There are 2 protein chains.
Amino acid sequence: MFNKQELIDFCETARSNYLDHISIDCVVFGFHEGQLKVLGLKIKNEASWYLPGGFVMKDEPIEMAANRILKERTGLDEIFLQQFRVFGDPDRARPHHDMYKDMLPPEENWFSMRFLTIGYYALVDFVHVNPTPDGHSESCTWYDLTDLPDFKLDHAQIIKSALDTLRLQLNYQPIGYNLMPKEFTMPELQKLYETILDKKLDRRNFQRRMLGFGILNRSEQPRKGGAHKAPYLYSFDLKNYQNALKEGLKGGW
Amino acid sequence: MFNKQELIDFCETARSNYLDHISIDCVVFGFHEGQLKVLGLKIKNEASWYLPGGFVMKDEPIEMAANRILKERTGLDEIFLQQFRVFGDPDRARPHHDMYKDMLPPEENWFSMRFLTIGYYALVDFVHVNPTPDGHSESCTWYDLTDLPDFKLDHAQIIKSALDTLRLQLNYQPIGYNLMPKEFTMPELQKLYETILDKKLDRRNFQRRMLGFGILNRSEQPRKGGAHKAPYLYSFDLKNYQNALKEGLKGGW
DNA sequence: GAGCTTGGTGTATTTTGAACACAATAGTAT
DNA sequence: ATACTATTGTGTTCAAAATACACCAAGCTC
């Protein structure tokens, strides 16, 4: 992955720019053709995949760091990003600690350090993402959540944890604004929910409930051209959507 | 707070034992006499309060660190502890950075570092806690959530955030096992919910719903001795309770 | 035991969620 | 054109859950 000189350069840069011991990993969810996808980076010449991640600059708020990291990988700005958990097992990056141990002594070697990683998940509009690999990656691409490649370290666990959080979120927050295109049909939105929950939902009840939230605007024009009956197009009412994000969807107690 | 020699000693110990840049702060909730309480440490000779917190040892899982820290402050073991958020604003501990700047140069001064703090909240049984101040604190005591003293740094915000999380949690997880004594009456449990939610609940409906969760055992013997009608005593059915923690209380979608 | 307070339980009403059936539309095959 | 099919839109019924409310029981004070 790195030769010795590259390693030395990287470690020097890292040491002077980033906070020790802390990294950020992002689980980027996208939705396309009825499938929930995750963005993964493939390492050059290896069957190794990682989540897009990075480090926090010494004087940078962590939310900003997560946004910066994500922008580099997706080209997207102003992404819906949510911190969901810190992974702090001392052994979580053990395989990395020994990786370059022959090239640099531990006190100079950035990778020999223990790292806690702050997990963020992002919901993005699939078609607007421009997946961009970094220098050490062969590719940055979407993977079906149901058919993930071999993510290294604890990254598979991080993805699982992000998905659990997302499913929970669904119960008290609106979702979809960041995953759907501007305009979409009700069945398309339903498909998103069904995919996240891995569960069939009733068409009519879904629609009623969704409309009941008051976060959708129905367009005058139905979508034409497809086979079968032309469905209505909806878009999110951003104002109500934002409000629902804050207030939550249902009372609970 | 520290004189120069103490500071030097502390920084040396800290540097060799703890991870840089990372701290843990615990919001410890207790419940007593119808009031939700938070544990706070008061600094000697200052009108300054802090949450019980500490640092992560170099080879210690963060959950273990949180437990250790809490044990040192409360004497309690095996506490219900939940990570809820990382606070990572670069300025969040700004007041600390300058505190000892005349005593030690920044590169030796532990307190001049930026710290991210991992917020945990704990729910504990008030009567079993024996709040114990550490060496730098004048006192470790309970404060009414409605009447907090002047918490420094962003600790007031951390408390607020913990409470928000707790309220949300209430909707899909059972709560109370860690906050209530072994045996309690239904009105007492209701009071806990009302306090957390800051909201009156209907006596009968609360009871029905609570019993519906199937996590309570009613004792044969009602509590005697008090004035008025003797209420039944309940305890949590630990097995069902644990299960409800995992599965969640209501379906949602 | 009258009066007060607190705790236990039942019932009617409203609201919400789940299940289900039929009508409308746009293409396709004939 | 006409029948057919796949898909979407909508209404209605039934059951379950949440809500509101009223009454009885028990123990203490006086």
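The structure presented is a predicted model; accordingly, all values stated were derived computationally and were not measured.
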May I have the distance from [X] (atom [atom1]) to [N] (atom [atom2]), rounded to whole angstrom?
{"X": "B:Q207", "N": "D:dT19", "atom1": "CD", "atom2": "P", "answer": "16 Å"}
{"X": "B:L211", "N": "C:dG7", "atom1": "CG", "atom2": "C1'", "answer": "14 Å"}
{"X": "A:Q190", "N": "C:dA18", "atom1": "CD", "atom2": "C1'", "answer": "14 Å"}
{"X": "B:F206", "N": "D:dA17", "atom1": "CZ", "atom2": "C1'", "answer": "17 Å"}
{"X": "A:M210", "N": "D:dT8", "atom1": "CE", "atom2": "P", "answer": "16 Å"}
{"X": "A:R209", "N": "C:dA18", "atom1": "CZ", "atom2": "C1'", "answer": "11 Å"}
{"X": "B:K199", "N": "D:dA18", "atom1": "NZ", "atom2": "P", "answer": "13 Å"}
{"X": "B:Y232", "N": "D:dG27", "atom1": "OH", "atom2": "C1'", "answer": "14 Å"}

### Message
Could you tell me if A:R85 sits above the aromatic ring of A:F87, with its cationic atom closer than 6.0 Å to the ring centre and no more than 45 degrees from the axis?
### Response
yes

### Task
Show your working on side chain to side chain donor-acceptor pair (under 3.5 Å) between B:Y50 and B:S48 and close with a plain yes or no.
CA-CA 7 Å; B:Y50 292 92; B:S48 302; 5.0 Å; no

Would you indicate which nucleotide in [options] comes nearest to any side-chain atom of [X]?
{"X": "B:D202", "options": "D:dG9, D:dC21, D:dA25", "answer": "D:dC21"}
{"X": "A:N205", "options": "C:dA26, C:dC20, D:dC21", "answer": "C:dC20"}
{"X": "B:K229", "options": "D:dG9, D:dA25, D:dA18", "answer": "D:dA25"}
{"X": "A:A230", "options": "C:dA26, D:dA18, C:dG8", "answer": "C:dA26"}
{"X": "B:R208", "options": "D:dT19, C:dT9, D:dG9", "answer": "D:dT19"}

### Task
Report yes if a donor N or O on one partner sits less than 3.5 Å from an acceptor N or O on the other, where the partners are the side chain of A:R203 and the base of D:dG9; otherwise report no.
yes

### Message
Quick check: any donor-acceptor pair below 3.5 Å linking the side-chain of B:R204 to the base of D:dA18?
### Response
no

### Message
Run A:S137 and A:D134 through side chain to side chain donor-acceptor pair (under 3.5 Å) and show every step you take.
### Response
CA-CA 5 Å; A:S137 306; A:D134 60 23; 2.6 Å; yes

### Query
Is any side-chain N of the basic residue among B:D237 and B:K239 closer than 4.0 Å to the acidic one's carboxylate O?
no

### More than 12 heavy atoms from other groups under 6.0 Å of OH on B:Y177
no

